[in-house]
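Taking it in order: structure first as structure tokens, then the write-up.
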Amino acid sequence: MVTKVTLPDGSVREYPDGVTALDVAKSISQGLAKASVAAKINGEIWDFHRPLPRECRVEIVKEDTPPGLEVIRHSAAHIMAGAVRRLYGPGVKFGYGPPVEDGFYYDMEFPEGAKFSEDDLPRVEAECKKIIEANYPFVREDLPKEEVIRRMRELGQPYKVETLEKDIQDPTASVYTDGDFIDLCEGPHVPSTGRVRAIKLTKVTGAYWKGDQSNRMLTRLYGTAWHSDKALQEYLRRIEEAKKRDHRRLGQDLELFMFHDWSPGAVFFLPKGAVIYNELLAFVREEYRKRGFDEVQTPQLFNKSLWEMSGHWDHYRENMFLLKVDEEDFSLKPMNCPSHLLIFKHRRRSYRELPLRIADFCPLHRNEIKGVLSGLTRVRKFEQDDAHIFCAEDQIEQEIRGQIDFVKYVYRDVFKMPFQAKLSTRPPKFVGVIETWNRAEAILDRVLKESGVEYVVNAGDGAFYGPKIDFDIKDALGRAWQLATIQLDFNLPERFDAEYEGADGRRHRPVMIHRAMLGSLQRFIAVLTEHYAGSFPLWLAPVQAAVVPVSEKLEEYARQVYAKLREAGLRAEIDLSNERLSAKIRSFELQRIPVMLVCGQREAESGAVAVRERSRGDVGVVKVEELIVNLRRDIAAKTALSGQA
RNA sequence: GCCGGGAUAGCUCAAUGGCAGAGCACCGCUUUCGUAAAGCGGGGGUUGUGGGUUCAACUCCCAUUCCCGGCUCCA
């Protein structure tokens with residue numbers, strides 16, 4: 001009998017039975033076999049040396065592809081676990097050890113009293129390298145589940161036993177052995193430990209067993225592994241670059257914002273950060289005018305009655321800042337929606353007023369637990385470009401379309417940030433009528449399709465009060481953040497008994513749409529800062545132009561230029577310091593100022609300046625009046641000088 | 001909140017129980033300069049905070065606040 005193998009190009013080859021994917025790879029070319037670590041068999045990833053089924057599609061997985069790297073990292077996790085076991089003895093109990101983006105981790109419990117910290121990583125890493133050096137084959141065994149449970153018991157591995165008993169349904173389970181280390185694992189793995197060519201252990205953290213806070217906390221060791229040392233070095237360089245772009249770093253260096261111990265989780269925007277904040281707000285307000293939103297201002301502090309009506313008192317109280325006012329319970333608001341319902345209900349509403357779009361930039365306070373606070377991305381006090389749309393059910397479609405269009409304009413046209421949409425549908429626990437949900441989900445789906453926006457469906461991931469579309473925005477380093485959101489709400493209008501009078505003279509329940517474009521201004525500024533690496537486009541730059549006299553003799557002329565720029569409404573700075581020109585230029589480059597205007601004798605004679613663009617150098621001499629016209633045009637266009645560093 | 005690490009001048013970091021230091025920034029003087037760092041000099045500290053051990057604490061111990069990396073949470 002022969003095994004028939006179909007290759008990705010459609011060709012069919014025949015091999016003797018018992019052939020492995022490795023044999024197939026070798027038969028194609030030795031080089032391919034050497035540069036590959038596993039194979040996809042009928043689309044499922046398999047070990048290289050597992051015998052193939054009689055008839056199958058085989059796709060060789062090369063080591064430098066995403067699935068290949070995943071296999072390498074999974075194997076690296078085993079190698080690391082084996083190294084820890086060698087160094088700390090058989091008393092170490094192992095939890096999960098999966099590959100993750102760019103690396104892997106393994107959760108483990110050290111024997112009583114053994115402390116493990118980052119300082120211990122080099123020792124473990126050295127042991128990993130010995131295991132790699134030894135080039136042990138990864139040997140797979142498929143055994144009856146009971147047999148594996150027995151072996152794991154013998155090895156003193158309670159977490160493995162628990163996994164087998166609770167999570168593995170199959171009658172058999174697989175174990176892998178590399179050298180002296182054996183582990184329960186689905187696989188696949190690289191053929192031998194030597195195929196993990198570059199490994200580096202990166203950090204040590206705590207992690208709850210199965211992510212559940214009520215479980216024991218294990219020690220998690222993180223590492224990264226690559227198919228070559230060069231790839232590892234490139235990765236490390238990328239991490240270094242990421243650190244330079246970190247908004248906390250740039251916020252400090254560029255004097256955008258600060259924090260203080262006395263108000264954890266709340267930012268101080270310094271003058272330069274406040275400029276960015278206000279420009280963003282002005283931008284959103286301008287769009288609101290075009291798109292029919294009415295801005296309101298609402299209270300910060302509300303009686304608990306409001307939260308009881310909205311349901312927050314029962315479901316969100318732990319996250320609210322509570323205080324007593326006149327012997328009664330009050331809270332700083334964590335969200336705007338309830339106040340907007342009060343506005344809606346302020347008087348009788350007619351269908352003629354719908355859709356009613358209420359926008360609000362008021363501060364919100366959420367009592368996030370301390371451990372999660374981080375820079376501008378997780379704060380306790382923040383503002384959103386929040387709005388709620390009250391509309392009739394037959395207006396949902398047009399409103400959703402309008403908001404998706406808004407998102408596209410903001411992220412694609414203005415900020416040029418790639419984004420991905422997620423449609424989340426009805427969860428198991430929900431309020432409202434199923435038919436309404438189905439109709440609404442169909443609308444969201446249809447509008448997304450028409451919009452040409454790429455999206456994924458997260459079935460069952462919607463809020464209990466309605467389906468939603470979230471937009472993940474990736475910064476320049478590919479990290480995803482959720483900023484924009486569009487959520488339907490069938491719940492709050494019900495709880496507040498919101499009504500409008502229809503054309504038929506009867507009362508109807510409006511649908512509420514929660515939506516934000518930038519999301520939290522704080523988080524948006526964090527992502528924006530990293531996206532631009534601090535080099536903000538002209539319209540957002542805290543200082544747009546720096547006037548630089550070549551020497552003290554040109555000071556008077558520079559002052560005139562500076563005054564003209566300020567009169568024209570530009571954010572300009574002048575450098576009258578006693579430094580050399582190149583030192584001034586360097587300082588402005590470091591501050592990422594978009595335009596530097598050098599004033600020398602030649603320019604003074606013709607009422608001009610020599611323009612230097614950030615990171616581009618000298619771009620020529622231009623008359624001051626003309627420069628002002630150009631700058632104002634570029635600012636209005638919002639896209640000028642937005643090239644990233 | 002939990003695990004691990006950390007906090008020293010405005011910033012980045014040194015000082016392993018014995019006189020708290022460097023570079024950058026800042027201030028002053030000299031220099032008057034053409035596109036990414038001129039030279040010299042000066043000021044700057046309750047070593048996060050509170051307690052303890054010690055003849056002596058940045059250093060060791062306890063507590064606490066905040067920050068960082070994760071976990072978790074994200075009506």
Side-chain angles (χ1 to χ4, degrees), chain A residues 95 100 105 107 109-110 115-121 202-222 243 246 248-249 252-255 258-265 307 310-320 334-335 337-338 366-375 378 427 429 431 463-466 470 482 485 487 489 491-492 495 514 520 546 548-555 577-591 596-604 609-621:
Chain A
V100 290
Y105 67 77
D107 287 345
E109 184 187 328
F110 282 85
K115 250 181 106 177
F116 193 90
S117 79
E118 231 144 89
D119 299 337
D120 301 310
L121 286 180
T202 49
K203 56 194 168 196
V204 179
T205 70
Y208 299 104
W209 167 236
K210 290 185 172 173
D212 185 340
Q213 205 167 348
S214 59
N215 286 336
R216 178 187 261 281
M217 178 159 283
L218 307 177
T219 304
R220 176 173 295 180
L221 274 60
Y222 277 93
K243 280 185 190 156
D246 189 313
R248 292 166 298 194
R249 174 85 257 134
Q252 163 103 283
D253 291 348
L254 304 179
E255 292 203 42
M258 58 171 263
F259 290 90
H260 194 279
D261 279 7
W262 291 349
S263 190
W307 310 118
S310 68
H312 286 85
W313 194 256
D314 284 339
H315 297 106
Y316 200 61
R317 200 179 350 165
E318 323 74 66
N319 284 305
M320 290 165 40
M335 296 177 197
C337 12
R366 295 184 189 174
N367 194 1
E368 305 279 0
I369 54 177
K370 248 181 0 211
V372 304
L373 299 178
S374 172
R378 286 303 292 270
K429 282 181 76 179
V431 300
F464 79 90
Y465 50 75
D470 290 323
Q482 190 204 297
T485 185
Q487 312 186 355
D489 189 343
N491 177 51
L492 281 181
R495 292 190 76 113
H514 308 251
S520 147
V548 193
V550 162
S551 78
E552 222 168 85
K553 290 175 196 151
L554 277 305
E555 241 182 48
S577 72
N578 188 13
E579 289 294 339
R580 280 168 161 68
L581 179 63
S582 54
K584 294 180 184 182
I585 296 281
R586 177 181 145 82
S587 147
F588 290 127
E589 285 284 351
L590 290 176
Q591 291 172 64
M596 285 154 260
L597 307 172
V598 176
C599 303
Q601 192 53 44
R602 294 196 296 273
E603 290 77 24
V609 289
V611 181
R612 180 193 164 94
E613 267 179 31
R614 172 182 62 203
S615 68
R616 280 188 58 200
D618 197 342
V619 294
V621 174

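By convention in this document, chain letters (A, B, ...) are assigned in the order of the sequence lines, proteins followed by strands, and residues within each chain are numbered from 1.
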For A:E579, check side chain to side chain contact (heavy atoms under 4.5 Å, CB included) against everything at least two apart and list the hits.
A:S577, A:A583, A:K584
Just to be sure I understand the rule, does A:Q252 reach a base, reach only the sugar-phosphate, or reach nothing, if contact means heavy atoms closer than 4.0 Å?
sugar-phosphate
Taking only the P atom of each, what is the distance from B:C67 to B:C26 in whole angstrom?
29 Å
Tell me what A:D489 touches on the nucleic acid: a base, only sugar-phosphate, or nothing, going by heavy atoms under 4.0 Å.
nothing
Working to the nearest 0.5 angstrom, can you tell me the gap between A:E613 CD and A:M596 CE?
9.0 Å
In this structure, how many angstroms lie between the C1' atom of B:U32 and the CD atom of A:Q601, rounded?
13 Å
Could you give the distance separating B:A15 and B:G28 at their P atoms, to the nearest angstrom?
34 Å
Using a 4.0 Å heavy-atom cut-off, does A:G466 contact any base of the nucleic acid, only the sugar-phosphate backbone, or nothing at all?
nothing
Heavy-atom pair with the smallest gap, counting every atom of A:E603 and A:V598
CG-O, 3.9 Å
Distances under 3.5 Å between protein N/O atoms and the N/O atoms of nucleotides 69-72 of chain B, please, pair by pair.
residue	atom	partner	partner atom	Å
B:G69	OP1	A:R248	NH1	3.0
B:G69	OP1	A:R248	NH2	2.6
B:G69	OP2	A:R248	NH1	3.2
B:G70	O3'	A:Y222	OH	3.4
B:G70	O2'	A:T205	OG1	2.8
B:C71	O4'	A:G206	O	3.4
B:C71	O2'	A:Y208	N	3.0
B:U72	O2'	A:Q213	OE1	3.0

Contact summary for A:W307 and A:M335, nearest pair of heavy atoms:
CH2-O, 4.2 Å
Rounding to the closest angstrom, what is the interatomic distance between B:G6 and B:U59 at atom P?
14 Å
Let me know, please, whether A:T219 or A:A463 comes out on the 5' side of the other along RNA chain B by nearest nucleotide.
A:T219
How many Å lie between CG on A:N319 and P on B:C74, as a whole number?
9 Å
Roughly how far, to the nearest 0.5 Å, is CZ of A:R614 from CD of A:Q591?
12.0 Å
In this structure, how many angstroms lie between the P atom of B:C74 and the NE2 atom of A:H312, rounded?
14 Å
By side chain to side chain contact (heavy atoms under 4.5 Å, CB included) - contacts of A:R249 (at least two apart):
A:D246, A:Q252, A:D253
For B:U54 versus B:C11, give the span between their P atoms, rounded off to a whole number of Å.
36 Å
Counting Watson-Crick and G-U wobble pairs with both distances under 3.5 Å, what is the dot-bracket string for RNA chain B, 5' to 3', using [ ] for crossing pairs and | for pairs to another strand?
(((((((..((((....[..)))).(((((.......))))).....(((((..]....))))))))))))....
Can you tell me how far the CD atom of A:Q487 sits from the CG atom of A:D470, to the nearest 0.5 Å?
6.0 Å
In whole Å, what separates the C1' atom of B:U16 from that of B:A57?
12 Å
Nearest heavy atoms of A:M320 and A:P334, plus distance in Å
CG-CG, 3.7 Å
Drop me the distance from A:H312's NE2 to A:C337's SG, to the nearest 0.5 angstrom.
5.0 Å
Write down the atom of A:N491, the atom of A:D489, and the distance for their closest heavy-atom approach.
N-OD1, 2.6 Å
Value rounded to 0.5 Å, distance of CZ in A:R248 from NZ in A:K243:
11.0 Å
Side-chain N,O (A:R249) to OP1/OP2 (B:U12) below 4.0 Å:
yes
Considering all heavy atoms, the nearest A:N215-A:Y208 contact
O-CD2, 3.6 Å
Tell me whether the OP1 or OP2 atom of B:G1 has a side-chain N or O from A:K370 closer than 4.0 Å.
yes
When rounded to the nearest Å, what value does the distance between C1' atoms of B:U32 and B:C68 take?
47 Å
Could you tell me the separation between the CE atom of A:M596 and the P atom of B:G34, rounded to a whole number of Å?
18 Å
Let me know the distance between CG of A:D107 and C1' of B:C2, rounded to the nearest Å.
14 Å
Mind calculating the distance between CD (A:Q591) and C1' (B:A25) to the nearest angstrom?
12 Å
In whole angstrom, give me the gap between the P atoms of B:C71 and B:C58.
38 Å
Using the P atom as the point on both nucleotides, what is the distance between B:A9 and B:G44, in whole Å?
15 Å
Grab the N/O contacts between the protein and nucleotides 35-40 of chain B below 3.5 Å, and write none if there aren't any.
residue	atom	partner	partner atom	Å
B:U35	O2'	A:R612	NH1	3.0
B:U35	O2	A:R612	NH1	3.4
B:A36	O4'	A:R586	N	3.4
B:A36	N7	A:R612	NH2	3.3
B:A36	N6	A:E589	OE1	3.2
B:A37	N9	A:R586	NE	3.4
B:A37	N7	A:R586	NE	3.4
B:A37	N7	A:R586	NH1	3.3
B:A37	N7	A:R586	NH2	3.4
B:A37	N6	A:R586	NH2	2.6
B:A37	N1	A:R586	NH2	3.0
B:A38	OP2	A:S582	OG	3.3
B:A38	N9	A:R580	NH1	3.0

When you compare the protein's N or O atoms with those of nucleotides 44-50 of chain B, which come within less than 3.5 Å of each other, and at what distance?
none

To the nearest 0.5 Å, tell me how far A:Y465 OH sits from A:R495 CZ.
13.0 Å
Quick one: does A:R317's side chain have a donor or acceptor within less than 3.5 Å of a partner on A:W313's backbone?
yes
Take atom CD of A:Q482 as the centre, draw a 6.0 Å sphere, and report whether it contains more than 12 heavy atoms from other residues, nucleotides or ligands.
yes
For atom NZ of A:K243 and atom C1' of B:C68, their distance in whole Å
11 Å
At their closest point, which heavy atom of A:W209 faces which heavy atom of A:G95, and how far apart are they?
CZ3-CA, 3.6 Å
Value in whole Å for how far the C1' atom of B:G34 lies from CG of A:L597:
14 Å
